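Below is one structure; the comments refer to it alone.
Reminder, nothing fancy here: chain letters follow the sequence lines and each chain counts from 1. These figures come from a predicted structure and were not determined experimentally. Computation of the quantities below employed the complete heavy-atom set of this structure, encompassing side-chain atoms and omitting hydrogens, waters and symmetry-equivalent molecules.
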Amino acid sequence: MPFPAPWLLAVSFALIATSSLAQLDDAQWVHPDADIDAVLGSAPSECMALPADTVKQMSVLTGRAAFRSSTLMGGHAARRGLSCNSCHRNGHGNPDFFITALSDQPGNVDVTNGVFSSHRDDGVFNPVPIPNLLDAGDKSDFGTMVQTDSLQAFITGILSEEFDARPPPEPVFDGLVAYVKALRSNACPDETRAVQNLETEWRDVEAFFDLLVWHNGQGDSATIAFMIGALRHQLERVSQRLEDKDVETGIVRLSLQLRQFNESPESAELARLRADMDRLGRHFK
Amino acid sequence: MRFGTVIAALTVLILMSTQPALAAGGGGGGGSSGGISSGPSVNVSKLYEESLAHLQAGENEDAERKLKKVLGAIPENAQANYMMALAKSGQGEDKSSVRYYKKAIKYDRHMYTAYVTLGQTYMGLGEAADAQKLLKKLEKVKSKCKDKCDMGHLDTAHADLTAVVNGTTDAPGGQSSLLFDRIADPDSAYLGAVALINGGEFEAAIIELTKLLEAIGPHADVLNYLGYTHRKMGYFDDAYGYYKQALAADPNHRGAHEYLGELYIQTGQRKKAARQLDKLAELCPFGCAEFDDLEFKFNSTMQAAD
């Protein structure tokens, strides 16, 4: 049973012009002593080895989108805007992550707690460091708290038990596994940190849109709906960094059009939505 | 109660502390991480906490001034009504305190302390018959307790009120002992309550959430979860009251709209449920879990009904 908790941060703060990144969902997990703008203004560089084959590539990228979307989660996590990426930033750990009552020090979290899960509460306060996921695909056992011998089983456990999520569509789940496997230490760029700003967030909007178009061609309606949810969530992330209200209006409109597309999909619509998106994109380049 | 030990370890109840427990909001950097969210209800909550501090300092007039504002926003808040009664009686206005005690009991019939103080007030005013009636009322609450009551406190209150009515105890004691406890780390207490709820321990969760409500005032997150726990235990009227308070504290509270919608679905009021869904669509221009889950329940119950 997904178990929800309420919050309102995103909507209320999106409308307020401010230069601080404190209004981002991920600001909720930054240790109070850390400098939010510094922490959320960049992240460790993503080390992703993309396969050459198009279908495999799309699968990895679908997983990449899911990894960044709280729509994958259920219960309290989804309502708080928590995603895999909140803890494993770009596939690494997160030395600044801190949740009152679930962390003993920044970078650690108790994954067997009852806050995010109705299944995994072990009744003990036992935070562990958030691990780097690079090369995790090579391993044969996962986790220290709840151990499993396959990545598939581990991720299934995270989703259904740790975060009370409904099972995602199969292509999304397979993509998530493929994405984690594609995180390789030998695929890291020279720069160890990557900037995170409106421009990079917008690049993900465009990337997620491409994925939506691709999945729309594949025709699996559950996956299409999932991608629309992930894309709208990514638009929200952009809006949380925005200061310009006119652009905000355009972004909200695009999100609402996507919702409409979800209810009555016609491929012709997507071409029009892409044009709208491209027009908005000029503000971020 | 597995998580109970954790709560006990994390939740330190500090009586008479003057430290404001919950940072006054403003997303992030407020000294709390991942705990109670910072919506508009923080303002009412802050006024409430200030009132509690005033009462503790014996500044009854200041407390009354702020409580008026709290009650202006959320008239059905039992805790604020109770504190208003204390502020009144602290200024020697026992007669006008009665009205607020009565409201406190009306909005939360499980606020046992209020029965005792009201009983003492009645006796002080020479209205022994009213005190008798009050005792009957408390006994009725006790007889109807299924699984929800905090029996330890209820029994104590019952014994105290009986003694008051029989004249075997003195007039009202020192005011400070009647005040709510402060909570040092409300975020931890809140997450502890969420964990209890996730574990299906609704009765224990209600006790923890009520303590939070007493300490930090009408906060929409806390009120909403009180609605949820009462609904899960089948107390639909109580649940409705808490959702109403949550939405008075924060009219745009997504969780409260979602759960109120669920309550409407559960009680067969589909049109009203649909209105909550519309409201959530409006509050979530980018989509949200609250909308998705309510829509899912709305659609699945429709299919069941067809």
Taking every non-hydrogen atom, the tightest pair across A/S255 and B/P285 = OG-O, 2.6 Å
ask   = Are the side chain of A/R259 and the backbone N or O of B/F286 linked by a donor-acceptor pair below 3.5 Å?
value = no
ask   = Which heavy atom in B/V194 sits nearest to a heavy atom in A/H76, and how many Å separate them?
value = CG1-ND1, 4.1 Å
ask   = Rounded to the nearest 0.5 Å, what separation is found between the SG atom of B/C288 and the CD atom of A/E236?
value = 8.5 Å
remark   = Looking only at heavy atoms, the pair that brings A/T100 and B/L191 closest together is O-CD1, 2.9 Å
message = Quick check for you: to the nearest 0.5 Å, what is the distance between B/S188 atom OG and A/I99 atom CD1?
response = 11.0 Å
message = Is A/L258 close to chain B through its backbone or its side chain, or both, or neither, when contacts mean heavy atoms under 4.5 Å?
response = neither
